[in-house]
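Worksheet: the structure to be examined is printed underneath.
Naming: A, B, ... by sequence-line order, numbering from 1 per chain. Computed from a predicted structure; not experimentally measured.
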Protein chains: 2
Amino acid sequence: MPEPEKRATLADQVSEATTSRLSVYLRCLDQLAEAGVATVASNTLAARFGLNAAQIRKDLAHFGELGVRGVGYDVEKLRRHLREILGLDRTSRVGILGAGNLGLALADYSGFRDGFEVVAIFDTDPAKVGRRTRRGITVRHIYELRETVAREGIHIALIAVPATAAQDVVDLVVASGIKAILNFAPGALRVPPHVKLKSVDFTVSLETLSFFLASDRDGNQP
Amino acid sequence: MPEPEKRATLADQVSEATTSRLSVYLRCLDQLAEAGVATVASNTLAARFGLNAAQIRKDLAHFGELGVRGVGYDVEKLRRHLREILGLDRTSRVGILGAGNLGLALADYSGFRDGFEVVAIFDTDPAKVGRRTRRGITVRHIYELRETVAREGIHIALIAVPATAAQDVVDLVVASGIKAILNFAPGALRVPPHVKLKSVDFTVSLETLSFFLASDRDGNQP
DNA sequence: TAGATTGTTAATCGATTAACAATC
DNA sequence: TAGATTGTTAATCGATTAACAATC
């Protein structure tokens with residue numbers, strides 16, 4: 001079947017750097033709301049959280065006139081806007097691939113925003129299939145993936161399998177119709193262009209730290 | 001006591017972007033070595049792994065003349081060099097803060113390179129202190145942090161506590177003398193300038209995915 | 001109206017990529 | 001020597017920051 005004609009979406013016009021800052025802004029605003037602040041200027045926000053005021057204004061301006069000149073941004077209104085922009089006003093249903101330590105940790109993770117709900121977890125190990133997480137989600141065999149994705153309306157897959165299995169699992173995830181993947185396995189993965197893949201590779205981050213320790217230790221020019 | 005005079009280290013001259021690519025290059029070279037390839041040109045490496053040849057050469061050139069003109073890079077020699085540059089020729093001893101799902105997942109994680117060894121895990125929950133991970137590491141109370149860091153020679157801390165506790169825990173970690181921190185908790189953390197902090201905030205990544213799903217769904221200009 | 005702060009345009013900065021002289 | 005490929009300089013690109021006109 002032919003891909004539907006791809007319209008120009010907001011996501012095409014907004015850089016990845018901007019997008020991830022939107023999440024950060026929302027978290028800052030949550031704190032301000034908690035503290036009872038009603039209105040905030042980009043300057044204040046920047047000073048308070050170590051950001052750049054011009055960047056905040058530019059990032060937000062992508063999405064319309066969200067502030068009021070001479071006044072600033074209404075905290076509650078901006079929070080609502082950001083939640084809507086980030087798609088947090090609807091619940092994204094999440095499936096986890098891999099019921100090892102990491103997969104189970106993610107399934108029980110309590111730090112997810114409203115807007116995300118873990119609804120399924122998959123593995124291939126017969127010893128794991130059928131078990132339940134602490135939250136009461138039953139581990140399914142990955143051969144039930146396609147059907148479960150359709151039935152449960154899963155939007156996002158979290159890849160928590162060993163690096164050696166990751167590409168195969170991602171291929172199955174893509175085949176099941178999922179269009180957004182967050183990968184925790186180290187190494188590069190290939191996905192078709194209509195699928196959005198983000199990777200959080202902490203092994204690379206760890207080796208970056210190791211580099212800093214090493215060059216600190218030696219502390220000399222090349 | 002006064003901080004020792006800070007010399008200009010390699011880390012000051014090399015961008016973070018370059019540093020994390022070094023890890024990626026090493027992984028690619030591991031694959032080539034596995035496949036029995038002895039020598040590789042930047043062009044070949046780039047084509048094979050979807051990288052840019054000029055960037056590879058520039059990144060590597062920071063660390064001396066690692067290749068041979070007209071020939072390319074000796075795979076084994078470059079691997080050794082990269083391991084040394086990244087500090088993977090010595091073992092970095094790792095302590096984990098937080099013995100919840102994520103902390104235990106990290107403690108049992110099998111994907112760490114040689115060069116990293118998890119030697120301790122800490123929590124404040126009396127119900128957790130004294131238990132052992134599958135790998136046999138005993139969970140210690142965080143009030144033993146300082147002493148354990150000194151005794152075990154811990155170089156790197158992984159923060160796997162809830163966001164609300166993260167800043168307090170990081171302060172203790174810094175006070176214990178650790179200079180490299182990898183943070184898994186969402187939100188910004190403050191550390192003194194001599195400490196290197198990296199954060200892998202998967203909640204921001206997840207919200208970025210949510211944004212793409214949302215703008216895909218709507219698919220219209222602002 | 002005067003003061004404040006936005007949205008936006010222009011200037012700066014840094015990182016990526018291309019080009020090429022050096023050299024194996 | 002001729003061909004290949006590096007290390008490095010120059011050109012391009014994009015992102016960040018500064019400046020300011022619009023406007024509340």
Integer-rounded Å distance: [N] [atom2] and [X] [atom1]:
X: B/Glu65; N: C/dC24; atom1: CD; atom2: P; answer: 8 Å
X: B/Leu66; N: C/dT23; atom1: CG; atom2: C1'; answer: 17 Å
X: B/Phe63; N: D/dG7; atom1: CZ; atom2: P; answer: 13 Å
X: A/Glu16; N: C/dA15; atom1: CD; atom2: P; answer: 18 Å
X: A/Arg69; N: D/dT23; atom1: CZ; atom2: C1'; answer: 6 Å

| request: Would you kindly compare B/Val68 and A/Val68 by the position of their nearest DNA chain D nucleotide and give the one closer to the 5′ end? | output: B/Val68
| Between B/Ser210 and A/Arg113, do the side chains contain an N or O donor and an N or O acceptor separated by less than 3.5 Å? | no
| query | Taking atom types as modelled, is there a side-chain donor on A/Gln167 or A/Asp171 under 3.5 Å from an acceptor on the other? | reply | yes
| task | Check whether any side-chain N or O of A/Glu84 sits under 3.5 Å from a backbone N or O of A/Asp89 as a donor-acceptor pair, and report yes or no. | result | no
| field | Touch class at under 4.0 angstrom, heavy-atom based, for A/Leu60 against every strand present | value | nothing
| query | So what does B/Thr18 hit on the nucleic acid, given a heavy-atom distance under 4.0 Å: a base, only sugar-phosphate, or nothing? | reply | nothing
With a 4.5 Å heavy-atom cut-off, do [X] and [Y] have their side chains touching?
X: B/Val170; Y: B/Val174; answer: yes
X: A/Leu60; Y: A/Tyr73; answer: yes
X: B/Val24; Y: B/Phe49; answer: no

| field | Sub-4.0 Å heavy-atom contacts from residues 42-59 of chain A onto DNA chain D, ordered by number | value | A/Asn52, A/Ala54, A/Gln55, A/Arg57, A/Lys58
| DNA chain D contacts made by residues 24-33 of chain A, counting heavy atoms under 4.0 Å | none
| task | Mark yes when over 12 heavy atoms from residues, nucleotides or ligands other than B/Lys77 sit less than 6.0 Å from its NZ; otherwise mark no. | result | no
| Would the number of heavy atoms belonging to other residues, nucleotides or ligands and lying under 6.0 Å from CZ of B/Arg146 be above 12? | no
| message | Over 60° means perpendicular and under 30° means parallel, so tell me whether B/Tyr109 and B/Phe112 are parallel, tilted or perpendicular. | response | perpendicular
| query | Has B/Arg21 got a side-chain N or O lying under 4.0 Å from the OP1 or OP2 atom of C/dT16? | reply | yes
| side-chain N/O B/Tyr73 vs C/dC24 OP1/OP2, d < 4.0 Å | no
| task | Look at the side chain of A/Ala17 and decide which nucleotide, out of D/dT6, D/dT16, C/dG7, has an atom nearest to it. | result | D/dT16
| field | Range-with-range stems of DNA chain C (Watson-Crick or G-U pairs under 3.5 Å, three or more in a row) | value | C:3-24 with D:3-24
| remark: Result for side-chain contact (heavy atoms from CB on, under 4.5 Å) between A/Val173 and one of A/Leu158, A/Asp168, A/Ile178 points to A/Ile178
| task | Run the numbers on B/Leu22 and B/His62 for side chain to side chain contact (heavy atoms under 4.5 Å, CB included), then give the verdict. | result | CA-CA 11 Å; B/Leu22 296 180; B/His62 282 106; over 6 Å; no
